[in-house]
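First the structure, in the form of structure tokens, and then the observations on it.
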Amino acid sequence: MSEEKSNNFIEEIVEQDLKEGKYKRILTRFPPEPNGYLHIGHAKSICLNFGLTMKYNGDTNLRFDDTNPVTEDTEYVESIKEDIRWLGFSWINEFYASDYFERLHEFAIELIKKGLAYVDDSTSEQIALEKGSHTTPGIENKYRSRSVEENLQLFAGMKNGQFKEGEKVLRAKINMASTNMHMRDPVMYRIKYAYHHRTGDKWCIYPLYDFAHGQSDSIEKITHSVCTLEFVPHRELYDWYIKELGIFPSHQYEFARLNMTYTVMSKRKLLQLVNEQFVSGWDDPRMPTISGLRRKGYTPSSIRLFCEKIGIARRDNLIDISLLEFCIREELNTTANRRMAVINPVKLIIENYEDGRSERVTLENLPNEPENVREVSFGREIYIEREDFMEIPVKKWFRLAPGQMVRLKGAYIIKCERIEKDQSGEVSCIYCSYFPESKSGHDTSNMKVKGVIHWVHALDCVPAEFRLYSHLFKSENPALESGDFKDDINPDSLIVKRGVIENGMKTSPYGNHFQFLRNGYFCVDKDSKAENLVFNRTVGLKDSFVPQKKN
RNA sequence: UGAAAUAUAGCUUAAUGGUAAAGCGUUAAAUUUUGACUUUAAACAUGAAGGUUCAAUUCCUUCUAUUUCAACCA
């Protein structure tokens, strides 16, 4: 009974290749650079790469693209592995581009010997200048015609530390007039006296992305090397190295990267938000990182569902963040236990309810599971949400207002008799009467009320901190804003509230998900302690109530 | 003044040389002890111009718009 889902264009290619017998088995790879945390855009790529080989019975390698020792770190390696596992995927091999430094070095020598690579003594500025522009071809410099022997000798010198950083590079000899800038004698190796997180001080020359990625794919015999659209112009070079080296022909296919409203996806910008402390860290719940979403209360399956829903194509896109929110609501609606929490409390006293009396009322943990219940304490003094009372109600106001009646969820119908205000004019207490025969489950009152509100017994509750998150940025596409993207940060992206919650929540461990009735889905934050419960709002409930103008 | 990629409802993704489909979002209504969920309904699309054709969103040409490309980053 599964609904037909059409293949995306990469699945079409894979099916075709399999059908034609081009490959017996496919192999993909996920190639992160360990210089930052994974974000929801990476999740799209992960779901694609691993999803492809799950669907077509192949394997996926995890390969760290660690060719730039100055920005990379093992902290990132560990977080990346954790995030992929958490998303529910497992790789068959864990590889590192640095595993291939020896091989890559041999490849470079091979190209020098073929007369296809040369050592250039120019400065980076000179090289950039000689590259020309989109409209003018580049020019060939004097080092381009060095002999094979000289190149071999100089490259050995580079490797052996005879030159300073920036003094020399190894370049491929391709075509300085190509319309593709990447083919104008791209740099293959540069000198860097930097400690590498895996190879230590063994090397002082490091290959660039283009000279490492395709060959790494080839060494691993990757059949389908999937990446994002910015790499389209690199494909010609990717193919060139593979062809000239005569190695296994991996193929590159590109899809459009994910963009999402009200957030940024560039690692550079995310790093800036962390470093400049606009957020508390990579796992701040406002970050679009996997770890941030996890802390905010997103589940692996909700993220996978999201990735499935956004699809794979080649056109630029800006996904509405409401789709992500839909995916987590849909799941949590069926799995998250209901609890009552009052985030912005105001006291309510039921004057005709005997002082000192209390009783237990029964509430469902999950709708549609009538057996699955808990008991909650009820009494004369309770807290309700400040927003559930309006002194001068708007039209179609179903909640509490002077003289108006409402049901307390799972308990009685009450009627607002009068209110009390403090010096500042704010409501400090709401006085009500209740109808004893209206008790939930035993209601003989025959009364009908439109509104049902949640509440917490004042004598049997615990204080709690609620962290209410909203969009990190004010505009839909912060990347498009001119000037500093940080000026667009939403000052209200985190609002901390102190309220109360029904008793019995003290021992909920980190990560547990709840629906706080009428307030939204929340999870226990890692900062939560028995003395100070902390809940993160994962996402609010849909709210179709739009206040009309006052009556 | 270059090259490449892309263009289907508000967003995302389908499909087809012959009635353009779905999810999200939006708007109504029903239901409801969560103004949630659920159910029902509604509105909204093939960038433009030519050409081939009985018939073009699909094929061809041109135009326009958007994105990407000149790091010793990936």
Side-chain angles (χ1 to χ4, degrees), chain A residues 3-8 31-33 35-36 65-68 70-72 97 120 122-124 127-129 131-138 165-171 178-182 184 186-192 205-206 208-210 212-213 227-236 254 256 261 267-268 308-327 329-330 333-334 338 340 363-364 367-368 396-399 406-411 413 440-441 443 449-454 476 515-520 540-546:
Chain A
E3 59 209 63
E4 287 288 310
K5 206 185 164 288
S6 52
N7 284 340
N8 63 50
E33 185 191 8
N35 69 345
D65 228 324
D66 56 351
T67 57
N68 185 3
V70 303
T71 56
E72 294 153 7
D120 191 336
S122 312
T123 63
S124 58
I127 290 176
L129 218 61
K131 243 180 189 168
S133 73
H134 290 144
T135 47
T136 55
E165 243 177 63
E167 199 178 329
K168 284 180 170 45
V169 291
L170 182 71
R171 288 229 258 169
S178 172
T179 54
N180 183 347
M181 300 298 286
H182 296 277
R184 320 245 266 223
V187 175
M188 295 160 59
Y189 269 94
R190 79 287 218 187
I191 299 168
K192 265 185 201 291
I205 54 171
Y206 292 95
L208 272 89
Y209 168 85
D210 285 305
H213 200 96
C227 62
T228 47
L229 243 26
E230 345 39 301
F231 292 96
V232 168
H234 295 252
R235 190 175 60 228
E236 194 180 352
E254 311 88 7
T261 54
K267 267 203 223 173
R268 202 196 91 246
E308 193 181 300
K309 284 191 171 299
I310 59 177
I312 299 292
R314 277 173 77 87
R315 58 184 111 140
D316 292 317
N317 60 82
L318 180 62
I319 306 282
D320 198 322
I321 200 164
S322 66
L323 182 60
L324 217 210
E325 295 174 343
F326 164 82
C327 291
R329 278 197 196 102
E330 170 143 290
N333 180 44
T334 60
R338 311 293 130 121
M340 294 202 292
L363 286 161
E364 288 172 336
N368 309 324
K396 288 198 165 177
W397 178 256
F398 301 155
R399 283 113 97 161
V406 82
R407 174 174 293 280
L408 296 173
K409 174 78 181 176
I413 293 175
S440 269
D443 189 345
V449 289
K450 282 288 252 182
V452 178
I453 63 172
H454 60 279
E476 274 210 335
Q515 186 200 101
F516 292 158
L517 240 51
R518 305 206 304 132
N519 267 320
L541 257 27
K542 269 175 72 171
D543 185 4
S544 59
F545 172 66
V546 247

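Predicted, not measured: the structure shown is a model, and the values here were computed from it.
Not one N or O on the side chain of A/R329 forms a donor-acceptor pair closer than 3.5 Å with the backbone of A/N333. Proximity of a side-chain donor or acceptor of A/R338 to a complementary backbone N or O of A/L517 within less than 3.5 Å is not detected.
Residue A/R268 is out of contact with every strand shown, counting any heavy-atom pair closer than 4.0 Å. No contact: A/E254 has no heavy atom under 4.0 Å from any strand.
At a cut-off of 3.5 angstrom, counting only N and O atoms as typed in the model, there is no donor on one side facing an acceptor on the other between the side-chain of A/R518 and the base of B/G35.
For A/E254, the salt bridge (charged side-chain N to carboxylate O under 4.0 Å, His left out) test picks out A/R235, A/R314, with sequence neighbours left out. Residues that satisfy the side-chain contact (heavy atoms from CB on, under 4.5 Å) test with A/L541, not counting sequence neighbours, are A/Q515, A/Y521. With sequence neighbours excluded, the residues forming a side-chain contact (heavy atoms from CB on, under 4.5 Å) with A/V406 are A/L400, A/I414, A/I453, listed by chain and number. Shown here are the side-chain contact (heavy atoms from CB on, under 4.5 Å) partners of A/D320, two or more places apart in sequence or in another chain: A/T261, A/S322. For A/E167, there are no salt bridge (charged side-chain N to carboxylate O under 4.0 Å, His left out) partners, not counting sequence neighbours. Remark: A/E72 pairs with no residue by the side chain to side chain donor-acceptor pair (under 3.5 Å) rule, at least two apart or across chains.
Rounded to whole Å, the C1' atom of B/A29 lies 25 Å from the corresponding atom of B/C11. When the P atom is used for both B/A70 and B/A14, the distance is 28 Å, rounded to whole Å. Comparing B/A74 with B/U68, their C1' atoms are spaced 15 Å from each other, to the whole Å.
Geometrically, A/R399 engages A/F545 in a cation-pi contact defined by less than 6.0 Å to the ring centre and at most 45° from the axis.
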Pairs under 3.5 angstrom, nitrogen or oxygen only, protein versus nucleotides 40-47 of chain B, please.
none

Short N/O separations, protein against nucleotides 57-59 of chain B, under 3.5 angstrom:
none

Below 3.5 Å between N/O atoms, which protein atoms pair up with nucleotides 26-33 of chain B? Just atom names and distances, please.
{"from": "B/U33", "atom 1": "O2'", "to": "A/K409", "atom 2": "NZ", "distance (Å)": "3.2"}
{"from": "B/U33", "atom 1": "O2", "to": "A/G410", "atom 2": "N", "distance (Å)": "3.0"}
{"from": "B/U33", "atom 1": "N3", "to": "A/S440", "atom 2": "OG", "distance (Å)": "2.1"}
{"from": "B/U33", "atom 1": "O4", "to": "A/R407", "atom 2": "NH1", "distance (Å)": "3.0"}
{"from": "B/U33", "atom 1": "O4", "to": "A/S440", "atom 2": "N", "distance (Å)": "3.3"}
{"from": "B/U33", "atom 1": "O4", "to": "A/S440", "atom 2": "OG", "distance (Å)": "2.3"}

Nucleotide N/O to protein N/O under 3.5 Å, stretch nucleotides 12-16 of chain B:
{"from": "B/U12", "atom 1": "OP1", "to": "A/L318", "atom 2": "N", "distance (Å)": "3.1"}
{"from": "B/U12", "atom 1": "O2'", "to": "A/I310", "atom 2": "O", "distance (Å)": "2.7"}
{"from": "B/A14", "atom 1": "OP1", "to": "A/I312", "atom 2": "O", "distance (Å)": "3.3"}
{"from": "B/A14", "atom 1": "O2'", "to": "A/S6", "atom 2": "OG", "distance (Å)": "3.1"}

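Secondary-structure annotation of RNA chain B gives the stems B:2-7 with B:64-69, B:10-13 with B:21-24, B:26-30 with B:38-42, B:47-51 with B:59-63, with a stem taken as at least 3 successive Watson-Crick or G-U pairs whose two distances both fall under 3.5 Å.
Between the CG atom of A/L541 and the C1' atom of B/U38 there is a distance of 14 Å, given to the nearest Å. Distance, A/R399 CZ to B/G35 C1': 7 Å, rounded to whole Å. Spacing between atom CZ of A/F326 and atom P of B/C24 amounts to 5 Å, rounded to whole angstrom units. Here B/A36 presents its P atom at 12 Å from CG of A/N333, a figure rounded to the nearest Å.
Toward the 5′ end of RNA chain B lies the nearest nucleotide of A/D320, the other residue of the pair A/D320 and A/E330 mapping further downstream.
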Original post:
Taking protein heavy atoms under 4.0 Å as touching, what does nucleotides 69-74 of chain B look like 5' to 3' if B marks base contact, S marks sugar-phosphate-only contact and - marks none?
Top reply: BB-BSB
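Using a 3.5 Å distance cut-off with no hydrogens or angles, the side chains of A/S178 and A/N180 do not pair a donor with an acceptor.
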